[in-house]
Amino acid sequence: MALRAIRAKARRLPSLLPSLNIHSSSSSTDINVSISSHSLAHHLLDQFSKPTLLRDSERLRTLAAGLTPDAVEAVLRDLQSWRAAHDFFRWASDQPGFRHTCYTYNAMASILSRARQPSLLKSLLHEVFSRKCPMTPGALGFLIRCLGSQGLVDEAGLVFDHAEELSCVPNSYTYNCLIEVLANAGRFKMVESRFREMRNPGKYTFTSILKSYCNAGMVEEVWRVFKEISDRGWVDEHVFTILIVSFCKWGKVDKVLELVEAMEGCGMRLNEKTFCVLVHGFVKQGRVQNALQMFDKMKRAGFNGDLALYSVMIEGLCVEKKLESALALYREMKKIGIGPDVRLVKTMISSLCGVDMVNANSLLEEEGDKLSLDGLLSLYNAVLEGMVRFGEAERAHLLLRAMMACRSSPVASGDIEGVASDCLFRIKKSVFPNDESFNIVVCGLCKGEKLDIALVLLDDMISAGYRGKLLMHNNLISKLCSVGRLEESYNVLKKMRELGFVPTEFTHNSIFYCLCKKGDSSAAIDLLKEMRHQGHVPWIKYCTLIVQKLCKGGKVDEACSFLEDMVQIGFLPDIIAYSATIDGMCRVGDMDKALKLFRDVSSGCYLPDVVAHNILINGFCKAGRLADAEEILNEMVNKGIFPSTVTYNLMIDGWCKEDRIDKAIAFFSKMNDESAPPSVVTYTSLIDGLCSVGRTEDALRFWNEMQEKGCLPNKIAYSALVHGLCKCGRPDTALLYFIEMKERTFEPDVSLYLLMINSLLLKGNSVNAFELLEQVLPMVGSIKSDSKDYRLMRKALCELSKDSGIPLDKRILIDSVCDIQEDTYK
DNA sequence: ATAGGGTTAG
């Protein structure tokens, strides 16, 4: 349409229009010049519609003699394929005496842009310039748009700037075309500079500016330009539409609705395409309700939705589980004569499964009959999917079993009323499952942790001649591995290989995870070698697991050599895996080894972080080497790493354990409320330390300070305070906190009860002691006969049974406990 | 279309 408009405009400029006469007279004279442009085009079309080999070269030569730009345009317009058109165009270019005009070039350019042939478009452009084809400003604009539509934005700018070489002076239309191209490409900076060049920008210019800011997402500029357009009285449906579509894209649904109303207020209407864009856009943003409202508006405006539009709304409703509305819309769609596609029926059925089996079933029967067996099967798979999604993997499994049974017992009539009694689904025809069916059910069973069922199903599937899908094998292996069923996962691995599947990085990593968790370093190394071979990369986090497992089992050296082997294979463990190993070394007291590994890692590729330093500091503190710990701390600070709360906690606890409260408090006072504030751990260490040197009053002061700072005591903090107060001979104070502790539902350990009881007895408070004893009795079963708790229990019972202040019936109770204890403990 | 590590207090 644009092409025609330009041409019509250009017709008014005769000087630039090459006329038929000029060409005819300049061609050779022995040719019949009376042939009309129309019939020339007809004959050429006839020739170029044929394959190259079938063209009559003699005839072509004759026709070439009378070739005119009008005829070329007509032929280009009518040729069916862009290749034929291009072929013809090239031929025309080669005819002596013929010159393309800007209209023939543009006709070709338009065809190439519609055919998405940017490189041919570029060569065409070169020809335009090398032949210095004169262009009207309108034609130039058109060419620029063609270029722009194929992403040749820079070329468009170049054409514009070299218009002079084509004897063309761009006018505002040309500008508008260029600005539009730049706007669509999101080059708002260039749009702005071109805009400044223009002398009298008009409505179209402003519209393009608006578009460019929309494309660039510059909301403020958009409003500014919109206001300018509106001030000039240029707002039209197009302008509104640009705004509405953009705001929809940005998810500003409310603004869209506002704009639509404003537009309606001006007596303007959205067009059908915009309605569709809005409905789609709203659904995509999860605003299904708004989409439905917009759709109502659309219907009132006289437009009907198509399958795509209904589908998007129905699917949106299904996602929101508004199945009744979805079903209603589905019925409406069918009523106005739009047939659903398989995709939509599948969505409906799988969404209904589990919720509304009756409708799911009737939908399946209603649509299934119209489908091929494949289509029908895909509906059954939708049922399986729906059940799985609804958490009914076992029901899906039953249905699948019923489908498998159909296969093994074909019935003469061809129609099996197969009913899996528990799955509420009838199998109308003999639908056999396919690999996808097994995939759905096995994945569902995996998700529901029904691994045993899945394993049996896998075997039966293989016996029935299926191979399933990669995903189900992977999922099965992954699930088995995550619950430590290594042997079985190797088994599945073997089977999937036999079925022709190639294990993926995920498969291998699932097994790698299991091996790491079990601490099987030699198998893990073997697997890593295999993975290296396959180009698979291990998930490095699992390395920490194996290192921890090995260290906990006392195999620090094995952990170390595992890491070395990994490096050998070509996988570099990260600082966390190394830290875990260093920690393991610290915990077995091998500080030399820990320090050496720390140094090796530091001089290698990692700068150990604060945690790695903390681990070493912890090691030295626990070994009583406070000076060494402090040295690591200084080293860390010198590296520019800030100590954390944990760092301070370690030093404070270390010094407290050495009874050096002064040192501990010195570190405490260095703690920064911003970057490393004291925590409940800090206070617990201090309280424990203070009590162990008898400074219970100071301990209680810290206890209060802790709570004033908003730091809530936990079970360990309470235990430390109660323990400390008991040890310092203050069981009555301790009892207050012990009771508070219980009120805050921090259940004290049995040993704290026993300490409390014995401390109370020591002070002669047998009433409270006995009360606590009664409370702790239900828990004493877990006490081992050779433990400290056992001795504390015996001691308490002994004391209580001697106590004459206890009423006789209670003493009998105690004695009986003594007997029971004797029995259970011996 | 998948999994998920290191340090502190009684």
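Every heavy atom of this structure was used, including side-chain atoms; hydrogens, water molecules and symmetry mates were not. Convention: sequence-line order gives letters A, B, ...; per-chain numbering from 1.
The side chain of A:Lys549 places no N or O atom within less than 4.0 Å of a non-bridging phosphate oxygen (OP1 or OP2) of B:dG6. Taking side-chain N and O atoms only, A:Arg587 has a distance below 4.0 Å to OP1 or OP2 of B:dT8.
Using a 4.0 Å heavy-atom cutoff across all strands shown, A:Asn618 reaches sugar-phosphate atoms only and no base atom. Nucleic acid contact for A:Tyr513: sugar-phosphate only, since backbone atoms but no base atoms lie under 4.0 Å from a heavy atom of the residue. A:Lys622 comes within contact range of the sugar-phosphate backbone alone, with a heavy-atom separation under 4.0 Å but no base atom that close. A:Tyr542 comes within 4.0 angstrom of a nucleotide base, judged by non-hydrogen atoms across all strands. A:Lys447 comes within 4.0 angstrom of no nucleic acid atom, judged by non-hydrogen atoms across all strands.
Side-chain atoms of A:His723 lie closest to B:dG10 of the nucleotides B:dA3, B:dA9, B:dG10. Closest approach to the A:Ile576 side chain among B:dT7, B:dG6, B:dT2 is made by B:dG6 (side chain taken as heavy atoms from C-beta onward). Candidate nucleotides B:dT8, B:dT7, B:dG10 were compared by shortest atom distance to the side chain of A:Leu650, and B:dT8 ranks first. Each of B:dA1, B:dG10, B:dG6 was ranked by its minimum atom distance to the side chain of A:Thr684; first place goes to B:dG10. Of the candidate nucleotides B:dG10, B:dT7, B:dG6, B:dT7 has the atom lying nearest to any side-chain atom of A:Val646. The side chain of A:Asn475 sits closest to B:dT2 out of B:dA3, B:dG10, B:dT2. For A:Phe506, the listed nucleotide lying nearest its side chain is B:dT2; candidates were B:dG6, B:dT2, B:dG10.
Ion pairing between A:Glu498 and A:Lys494 holds under the 4.0 Å rule for side-chain N and carboxylate O. Note on A:Lys346 versus A:Glu385: no salt bridge recorded, every NZ/NE/NH1/NH2 to OD/OE distance being 4.0 Å or above. Salt-bridge formation is not detected for the pair A:Asp592/A:Lys596: no Lys NZ or Arg NE/NH1/NH2 atom is positioned less than 4.0 Å from an Asp or Glu carboxylate oxygen.
Rounded to a whole Å, the CG atom of A:Leu563 is 12 Å from the C1' atom of B:dG6. Protein atom NZ of A:Lys541 is 13 Å distant from nucleotide atom P of B:dA3, rounded to whole Å. Distance, A:His613 NE2 to B:dT8 P: 16 Å, rounded to whole Å. To the nearest angstrom, P of B:dT2 lies 17 Å from CD1 of A:Ile477. For the pair A:Leu752 CG and B:dG10 C1', the computed distance is 8 Å after rounding to whole Å. Atom CE in A:Met651 sits about 15 Å away from atom P in B:dT8, given to the nearest Å. Here B:dA3 presents its P atom at 11 Å from CG of A:Asn474, a figure rounded to the nearest Å. The nearest whole Å value for the distance from the CG atom in A:Asn614 to the P atom in B:dT8 is 9 Å.
Ring-plane geometry between A:Phe512 and A:Phe562 is classed as parallel, the angle between the planes falling under 30 degrees on a 0 to 90 degree scale with a further cut at 60. Ring pair A:His473/A:Phe501 is tilted by interplanar angle, where 30° to 60° counts as tilted.
Considering only residues two or more places apart in sequence or on other chains, A:Arg532 meets the salt bridge (Lys or Arg N to Asp or Glu O under 4.0 Å) condition with none of them.
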